[in-house]
Amino acid sequence: MKTKKFNNIELKESFDKIVNGNKKWVEEVAADTSGLFKELAKGQNPEILWIGCADSRVPANQVTSTLPGDIFVHRNIANMCNHTDMNMLSVLDYAVNVLKVKHVIVAGHYGCGGVAAALTNRQYGLIDNWLQHIKDVYRTHKVEIDNIADRTQKLNRLVELNVIEQVNNLCRTTIVQNAWKERDDLAIHGMVIDLATGEMIDLDVTTTSNEVLGEVFALVS
Ligand SMILES: [Zn+2]
């Protein structure tokens, strides 16, 4: 087997940590008699689609104490659901129409770097274009956000409002609306993870039908 050459010992060590971690995990799961690998090899049947932040501190399985196979996952910076994002839309379509997931969870988190960056006027590079979508959320809720004096509370509230707007965005897709015309077992949820406690807070915006959309947002075919 070809050996990878690293020109830096720290680079090698940090990569080895991942490779060795996998070996350890395989041993641990194999030692368990539940036969997880056998089940996973057969296929997947997750009931949940998780749309979360790419932040390393909010891994979907760990924060929900679930196993491989339980959650279909899409993550990006600041858990955005933009209508022109083919990646997100493809994941959503596959999860809703093929896997027939029952729950779609938009999971934000306090201390989100993407949300914090969006609430400044600094240039960060390419990501500035992505952050515009969060700035749009700020613009929509400017009065409320501007009325909060404390910077952390201001950011926390924008994290919550951003999740709520992404739930709205999902409900406005034809993918979700058409699914709701056919079935009543699909719920879209908005949650926020508090990094300081690990707790997941339900923002109480669960939506389960087209009825609440109204006006221009409920699309007819
Ligand atoms: Zn984040």
Side-chain angles (χ1 to χ4, degrees), residues 14 18 21 46 48-66 68 70-92 95 101 103-142 144-146 148-173 176 187-207:
S14 66
I18 298 299
I48 314 243
L49 166 61
W50 174 278
I51 301 179
C53 183
D55 192 302
S56 62
R57 299 165 293 178
V58 284
N61 283 120
Q62 280 95 332
V63 302
T64 56
S65 193
T66 50
D70 289 340
I71 307 186
F72 200 61
V73 176
H74 175 79
R75 292 169 70 180
N76 62 39
I77 289 170
N79 41 271
M80 304 303 288
C81 303
N82 302 326
H83 291 120
T84 52
D85 178 359
M86 280 304 292
N87 188 350
M88 186 282 293
L89 291 171
S90 302
V91 168
L92 180 68
V101 296
H103 304 275
V104 180
I105 298 172
V106 179
H109 67 100
Y110 296 139
C112 183
V115 171
L119 210 56
T120 73
N121 61 355
R122 264 188 66 185
Q123 270 196 32
Y124 292 90
L126 180 71
I127 195 177
D128 293 328
N129 303 287
W130 188 258
L131 300 181
Q132 291 299 334
H133 297 290
I134 311 173
K135 288 178 191 280
D136 285 342
V137 174
Y138 164 67
R139 187 182 54 179
T140 307
H141 300 277
K142 190 177 185 307
E144 180 181 347
I145 297 293
D146 286 354
I148 304 170
D150 180 75
R151 173 87 183 158
T152 304
Q153 282 179 18
K154 201 189 273 279
L155 287 170
N156 286 353
R157 186 57 184 150
L158 186 56
V159 163
E160 293 171 354
L161 290 168
N162 185 47
V163 167
I164 293 167
E165 289 298 339
Q166 304 320 309
V167 168
N168 289 338
N169 282 351
L170 289 178
C171 295
R172 289 172 194 166
T173 62
V176 169
I188 317 293
H189 310 269
M191 316 280 285
V192 169
I193 297 154
D194 185 345
L195 292 177
T197 64
E199 279 177 305
M200 215 161 72
I201 299 149
D202 190 344
L203 295 178
D204 240 350
V205 289
T206 297
T207 310

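Because the structure is predicted, anything quoted here is derived from the model rather than measured. Both ligands and their constituent atoms are indexed starting at 1 by order of listing. Both backbone and side-chain heavy atoms feed into the values below; hydrogens, waters and symmetry mates do not.
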For Asp55, the side-chain contact (heavy atoms from CB on, under 4.5 Å) test, sequence neighbours excluded, returns Cys53, Arg57, Val58, His109

Applying side-chain contact (heavy atoms from CB on, under 4.5 Å) to Asn168 and not counting sequence neighbours gives Ile164, Glu165, Arg172

Separation between CG (Leu161) and CD1 (Ile145), nearest 0.5 Å, reads 5.0 Å

Taken by chain and residue number, the protein N/O/S atoms under 2.8 Å from the Zn ion (ligand 1) read Cys53 SG, His109 NE2, Cys112 SG

Of all heavy-atom pairs linking Ala60 and Thr66, the shortest is O-OG1, 4.2 Å

For Asp204, the side-chain contact (heavy atoms from CB on, under 4.5 Å) test, sequence neighbours excluded, returns none

When you look at Met80 and Met88, which way does the side chain to side chain contact (heavy atoms under 4.5 Å, CB included) test go after all the steps? CA-CA 9 Å; Met80 304 303 288; Met88 186 282 293; over 6 Å; no

